[in-house]
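Since the structure comes first, as structure tokens, the remarks are kept for the end.
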Amino acid sequence: MTAPVFVVDQMPDGPGFVLEGPEGRHAVSVKRLRAGEDVVLTDGRGRWTQGVVTAAEGKDRLVLTLESVREEPRPATRITVVQALPKGERGELAVETMTETGVDAIVPWQAGRCITQWKGDRGLKALAKWRGTAREAGKQSRRVRFPEVADAMTTKQVAPFLATADFAAVLHEDRGYDSEPLATVALPRTGEIVLVVGPEGGVSPDELAVFTAAGARTCRLGPTVLRTSTAGTAATALLLGRTGRWS
């Protein structure tokens, strides 16, 4: 098992450091780390350092000796999933599993057929939950560069975003509509890949027309129809393998 990951707002500038607050409490009282064990500190934006526990003090103070700070480079091929808003807690489930798999960014999408509506304070709270889930899943999966969770977009906002990608695709399974298998479609060697995952009711014909006009391909994953909360994870895994990031 690799060393547990803890998040700090600012990376330490010296070898001595005390991890306090909620992260320190989790390290001492939940993980029960003790002297001699390894840890990783990160800002979640690619900068990180390995350290060794010198002492655990009280219930929320972990004294560490750290190595020099390093930075994980951004991947040559980045994967973003535009995720339609699922019902209930399935949104957090989608964010959690996509983060653990290795997605680089997530864009919440208010699709026309979404039952869930992000409006006012409710929308802000839901967005905060998605971002908190990405942070916790990033730690759990030992990442040091967590996925960015953007502000929610409408269909009109998603279209120009797709137009800037090096490769964009809408995951769409419809026997009456021609689509390409994501497993074999030509991909760029580097750059930005953006996938659109529709809601449980599917991407509407009007939305599909807007996205294809912006340059997006229409792709399918396989012979089965996945739920919106799992399609993004399956597609991300497929692309990580195809682009060599899982080699």
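This chain uses plain numbering: 1 for the first residue, then up along the sequence. Values below: all heavy atoms of this structure, side chains included; hydrogens, waters and symmetry mates excluded.
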Salt bridge (Lys or Arg N to Asp or Glu O under 4.0 Å) against Arg90, all qualifying residues, sequence neighbours excluded: none

Between OG on residue Ser141 and CD on residue Glu136, distance to nearest 0.5 Å: 10.5 Å

Inter-residue atom distance Glu23.CD - Lys31.NZ, 0.5 Å rounding: 10.5 Å

Can you give the donor-acceptor pairs under 3.5 Å from side chains of residues 111-127 to other protein atoms, not counting sequence neighbours?
from   : atom 1 : to     : atom 2 : distance (Å)
Arg113 : NH1    : Gly201 : O      : 2.9
Thr116 : OG1    : Pro86  : O      : 2.9
Gln117 : NE2    : Cys114 : O      : 3.2

Contacts of type side chain to side chain contact (heavy atoms under 4.5 Å, CB included), residue Ala237, not counting sequence neighbours: Thr101, Trp246

Contact list for residues 63-91, test ring-ring contact (aromatic ring centres under 6.0 Å, His included), sequence neighbours left out: none

With Glu67 via side chain to side chain contact (heavy atoms under 4.5 Å, CB included) - residues at least two apart: Thr49, Gln50, Arg70

Set of salt bridge (Lys or Arg N to Asp or Glu O under 4.0 Å) partners for Arg34, sequence neighbours left out: none

ring-ring contact (aromatic ring centres under 6.0 Å, His included) partners of Phe211, counting only residues at least two apart: Trp109

Residues which pass ring-ring contact (aromatic ring centres under 6.0 Å, His included) with Trp48, listed by chain and number, not counting sequence neighbours: none

Short side-chain to backbone donor-acceptor contact, Arg242 and Val185, under 3.5 Å: yes

Arg61: partners by salt bridge (Lys or Arg N to Asp or Glu O under 4.0 Å), with sequence neighbours left out: Glu20, Glu57

Over all atoms of both residues, closest heavy-atom pair of Ile106 and Met98: CD1-CE, 4.1 Å

Test item: Arg143 side-chain N/O and Glu100 main-chain N/O as donor-acceptor pair under 3.5 Å: no

Glu96 versus Thr99, side-chain donor and acceptor atoms under 3.5 Å: no

Single-linkage hydrophobic cluster, 4.5 Å side-chain cutoff, Val103 and Leu187 together: yes

Closest heavy-atom pair and its distance - Ala231, Leu171: O-CD1, 4.2 Å

Whichever hydrophobic residues join Phe146 through chains of side-chain contacts under 4.5 Å: Val7

Co-members of the apolar cluster containing Val69 [side chain, <4.5 Å]: Phe6, Val8, Met11, Phe17, Leu19, Val28, Leu33, Val39, Leu41, Val53, Leu62, Leu64, Leu66

Pro188 to Ile193 - nearest heavy-atom pair and separation: CG-CG1, 4.4 Å

Thr228/Gln83 under side-chain hydrogen bond (donor to acceptor under 3.5 Å, both in side chains): CA gap, chis, key distance, verdict: CA-CA 8 Å; Thr228 185; Gln83 173 68 58; 2.7 Å; yes

Apart from Val30 itself, residues in the same hydrophobic cluster as defined by side-chain heavy atoms under 4.5 Å: none

Main-chain N/O of Thr80 paired with Asp104 side-chain donor or acceptor, under 3.5 Å: no

pair Asp43-Asp9: side-chain heavy atoms closer than 4.5 Å: no

Val158 and Thr154, any side-chain heavy atoms less than 4.5 Å apart: no

Arg220 side chain reached by Ser179 side chain, heavy atoms, under 4.5 Å: yes

